[in-house]
Every structure is written in C-alpha cells, then in structure tokens.
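We name chains A, B, ... by the order of the sequence lines, and we start the count at 1 in each one.
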Protein chains: 2
Amino acid sequence: MRGPVVADTADTTYHHGNLRAALLERAAAVLAESGPDGLSLRALARDLGVSHAAPSRHFRDRRALLDALAADGFTELNRRLSEAAGAPGDTESRLTGAARAYVRFAVERPALLGLMFAAKTEQDPTSCLRELGHESLRLAAALVEQGQREGLVRPGDPHRLAQVAFSTVHGLATLALGSLLDDTPLDEALDLAVDVLLHGLRAPAASV
Amino acid sequence: MRGPVVADTADTTYHHGNLRAALLERAAAVLAESGPDGLSLRALARDLGVSHAAPSRHFRDRRALLDALAADGFTELNRRLSEAAGAPGDTESRLTGAARAYVRFAVERPALLGLMFAAKTEQDPTSCLRELGHESLRLAAALVEQGQREGLVRPGDPHRLAQVAFSTVHGLATLALGSLLDDTPLDEALDLAVDVLLHGLRAPAASV
DNA sequence: ACCTGAACACCGTTCAAGT
DNA sequence: ACCTGAACACCGTTCAAGT
C-alpha cells in the first residue's frame with residue numbers, strides 16, 4: 001500500500017467486497033438516464049467487468065436490485081426531509097421547506113421517485129421499503145404536530161393530517177414529472193399548493 | 001348469420017380486423033393481474049393463437065401497446081370524472097364525487113393508473129397521452145370554476161387551483177396503492193383530504 | 001392488407017465447477 | 001466466500017415469404 005488511495009479511477013479492481021456497492025452505484029446512474037426498463041443485470045455486469053452471474057451473489061433478483069435502489073432513494077429523501085424539518089425558522093417555513101425539498105428531489109431523480117412508489121404496488125411482505133416510506137410520513141406528522149402546538153394546524157390525528165399534506169406535495173411532483181403542469185412554473189404551483197394546504201390544515205373541520 | 005351474436009366465446013376467430021382490439025383487451029387483463037413487467041408481446045400472441053410477429057402490425061413497439069393501454073385508461077378515467085362532475089347536487093358534492101370517482105378508479109385498476117403516469121415520464125413528442133391527461137385537469141378546472149361562481153372557491157386561475165386539487169387526490173391514491181395509508185380507511189383519508197382541500201381552496205390567498 | 005417462420009441479438013436465472 | 005462458463009427458456013424486433 002502506497003498511501004490512502006480511497007477511490008482512484010474505476011479501474012478494474014471491484015470484485016472483493018465492493019461489488020454490491022459498485023452494482024448499486026452503476027445501477028443508479030443507468031436508472032437515471034435510461035429508466036428502469038433500461039436496467040439489465042447482464043449489462044451492469046458487463047460495465048463492471050464481471051461475469052453475468054456475479055450479481056446474483058448480491059441480489060437474488062432483478063427486483064431485489066430495484067428494491068435496493070428504491071430503498072436508497074427513500075433513505076436519501078428522508079435525509080433531506082428531516083434536514084428541512086429541522087431547519088431554523090417557524091413551523092410554517094419549515095413545512096414549506098420540506099415541501100420544496102420533496103419536489104426538488106423529485107425533479108432531480110424522476111425515475112428513482114417513480115421506482116420508489118411503483119415498487120410498492122407489487123410488494124407484499126414485511127418490506128423494508130414500506131417502512132422507509134412510513135418514515136417519510138412520520139416526518140411529516142412531526143411537522144404537523146409542531147403546527148398544532150402553535151395553533152397553525154387544526155386539532156386531530158397528526159398522522160392523518162400528514163397523509164393529506166404528503167398527498168398534496170407528492171401529487172404535485174407527479175404532475176410535474178408527467179409534464180402535466182404545462183406552462184405553470186413548478187415553483188408557483190408549489191407555492192399555491194402549500195398556501196391552499198396550510199389554509200386547509202388551519203381551518204377547523206366542519207364543512208363536510 | 002343466425003342472429004345478433006355479439007361476442008360468443010373467445011373461440012378462435014380473431015385474425016381479421018379485430019386483432020388490435022383483442023390484443024388490447026387481453027393486455028389489459030394481463031396488466032391487471034401481472035403488472036407491466038408481466039406483459040409480453042409474444043405471450044399475448046400465444047394467448048390469441050396468432051404468430052408472435054402479428055402484433056407488430058398493430059403496435060410498432062411494446063411501448064406503443066403500453067401507451068395505448070394508458071390512453072384507454074385516461075379515456076375511461078375522464079369518462080368517470082365527467083360523469084361525477086355532471087351529477088346532480090351542489091358544486092361541493094360534485095367535487096367530492098369526482099374525488100371519490102378518482103380514488104375508486106385507482107383502487108380498481110392500480111397497475112393501469114401506475115402505467116398512465118409512469119408512461120408520461122418517458123414521453124416527449126406531441127403525445128396523445130399528455131392530451132388525455134390534460135383533459136382530466138380541465139375537468140377539475142371546470143369544477144373549480146363552478147365553485148368560484150358560488151363563492152365556494154377563492155378567486156384565481158381555475159387551472160392552477162385545479163392542479164392543486166388534482167395533486168391532492170392523485171397523491172392520496174398513490175399513498176393508498178403503496179400501502180402507505182396503513183390502518184387508515186381510505187374513505188376516511190379521502191374525506192379528510194377533501195375537507196382540507198375545500199377549506200384551503202375557499203380561503204383567500206394571503207398566508208404565504 | 002395481414003399474417004407466418006426463421007433469424008438475430010439480447011435477456012433473467014440456475015448450477016456445476018473452479019480458486 | 002466469491003466468481004466463472006455453459007445452459008435453459010424466454011424475450012423484442014426485423015424481414016423475407018406466403019395467402
């Protein structure tokens with residue numbers, strides 16, 4: 001060893017131990033630029049200079065790889081959300097910041113967000129993925145609870161109110177990714193959504 | 001011809017003219033029970049007793065088939081939405097009814113809804129799909145406009161307010177499909193979402 | 001026009017065998 | 001433990017040829 005060589009160029013020395021990490025890294029790049037359908041285990045193995053059967057040691061399935069990518073996506077999203085939720089400022093600006101962080105994530109990694117929520121549809125077991133998704137909702141619920149203490153949000157189960165808030169922001173991200181927002185600047189659409197949402201959360205339940 | 005035989009059993013007489021329709025019908029069934037990844041052109045052809053190259057006459061691509069399915073999905077969704085939007089009752093109950101119709105569609109055809117919004121991410125041209133998605137938003141905008149005339153909804157561009165309303169309902173459907181609503185009954189979550197939404201839409205913009 | 005059959009280049013998955 | 005190489009059963013897509 002001649003020094004603290006952490007990661008020179010991606011020469012040829014994967015193989016021992018970091019194949020799993022290398023697969024995930026390369027897979028994330030391919031997903032971002034070719035979508036999930038462009039992601040092939042064999043091509044991945046080829047890119048990494050490894051036999052086409054090698055990935056199966058680290059991921060039983062193609063699905064397992066996809067799920068791992070989605071899990072990493074939720075982890076990163078939750079990191080950003082909790083950072084935004086812990087930022088200085090009042091609860092209203094924190095909630096706005098979290099919404100912005102969510103939409104930013106969606107715009108930066110559209111295919112990944114799609115995978116995160118598409119994967120769940122075909123899931124059943126005690127999935128690690130579902131747990132990570134719940135963590136997102138828990139972060140939102142914590143913000144809602146803060147808002148309730150300040151009288152900014154109506155009384156009621158913070159988890160249920162958080163489901164509504166999450167729906168609005170996630171739905172808007174979906175519209176944006178689907179080019180369904182047209183000429184509306186995403187920032188403006190988001191500001192309006194947050195405004196409507198905050199007013200709706202404040203008002204006491206009664207109308208319906 | 002011995003009588004008004006509309007659709008006997010699906011015997012063997014596709015072939016002439018209705019192969020396209022037969023492919024779409026079978027594809028919709030496979031999509032519903034196996035997801036998009038379980039949909040293979042060759043298997044479809046096999047199911048219909050036709051050569052594996054035959055589908056290419058009617059759908060240039062696998063994508064073209066998927067897009068056609070998504071388009072049919074939007075058409076059906078829009079049919080249901082406009083029916084709900086034209087139902088008797090006041091604007092508030094019509095808006096609630098449209099939201100319910102949306103979520104019902106999502107629950108009945110989860111894979112199709114996923115396809116409808118996933119397909120758009122990878123789209124670019126003057127897609128017929130995007131136009132059908134816009135129609136959904138236009139239906140929502142019409143309802144918002146009705147609400148404005150009755151003083152139920154704040155002033156402002158109805159299309160932009162409709163984007164917010166659509167986001168909330170679509171987002172909630174996504175959460176439900178992803179098993180992220182947990183033990184919350186979907187009906188209750190939807191009622192709460194509509195309540196928050198209506199209060200938010202009514203309140204004049206000011207807070208942000 | 002509409003479909004067939006063969007061909008091509010790719011897949012995911014499995015499994016004995018190597019080191 | 002970790003990886004290889006061959007094998008199997010499937011793909012999507014194309015294209016000459018049939019009727």
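Applying the salt bridge (charged side-chain N to carboxylate O under 4.0 Å, His left out) test to every pair with at least one member in residues 95-107 of chain B, sequence neighbours left out, gives these pairs: B:Arg100-B:Asp191.
Scored by the side-chain contact (heavy atoms from CB on, under 4.5 Å) test, A:Leu24 finds A:Arg20, A:Phe59, A:Leu65, A:Ala68, A:Leu69, A:Asp72 as partners (sequence neighbours excluded). Listed by chain and number, the residues in a side-chain contact (heavy atoms from CB on, under 4.5 Å) with A:Ala85 are A:Leu143 (sequence neighbours excluded). For the side chain to side chain donor-acceptor pair (under 3.5 Å) test, no residue two or more places apart in sequence or in another chain qualifies with B:Ser167.
With a cut-off of 3.5 Å on both pairing distances, the Watson-Crick and G-U wobble pairs of DNA chain C assemble into stems of 3 or more at C:4-8 with D:12-16, C:12-16 with D:4-8.
Taking the six-membered ring where the residue is Trp, the centroids of A:Phe117 and A:Phe74 are separated by under 6.0 Å.
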* To do: Quick one, give me the B/S/- string for nucleotides 12-19 of chain D, reading 5' to 3', where B means a protein heavy atom under 4.0 Å from the base and S means that only happens at the primed atoms, P, OP1 or OP2.
  => BBBB----
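No donor-acceptor pair under 3.5 Å is formed between the side chain of A:Ser34 and the backbone N or O of A:Leu31. A donor-acceptor pair under 3.5 Å is formed between the side chain of A:Ser82 and the backbone N or O of A:Asn78. Not one N or O on the side chain of B:Asp61 forms a donor-acceptor pair closer than 3.5 Å with the backbone of B:Ala64.
Counting to the nearest Å, the C1' atom of C:dC2 and the CG atom of B:Asn18 are 12 Å from each other. A straight line from CG of B:Leu19 to C1' of C:dA1 spans 13 Å, rounded to a whole angstrom. Protein atom CG of B:Leu48 is 11 Å distant from nucleotide atom P of C:dT4, rounded to whole Å. Rounded to an integer number of Å, the gap from NE2 of A:His58 to P of D:dA1 is 13 Å. Spacing between atom CZ of B:Arg20 and atom P of C:dA1 amounts to 18 Å, rounded to whole angstrom units.
Using a 4.0 Å cut-off, some side-chain N or O of B:Arg46 falls inside it from OP1 or OP2 of D:dC11.
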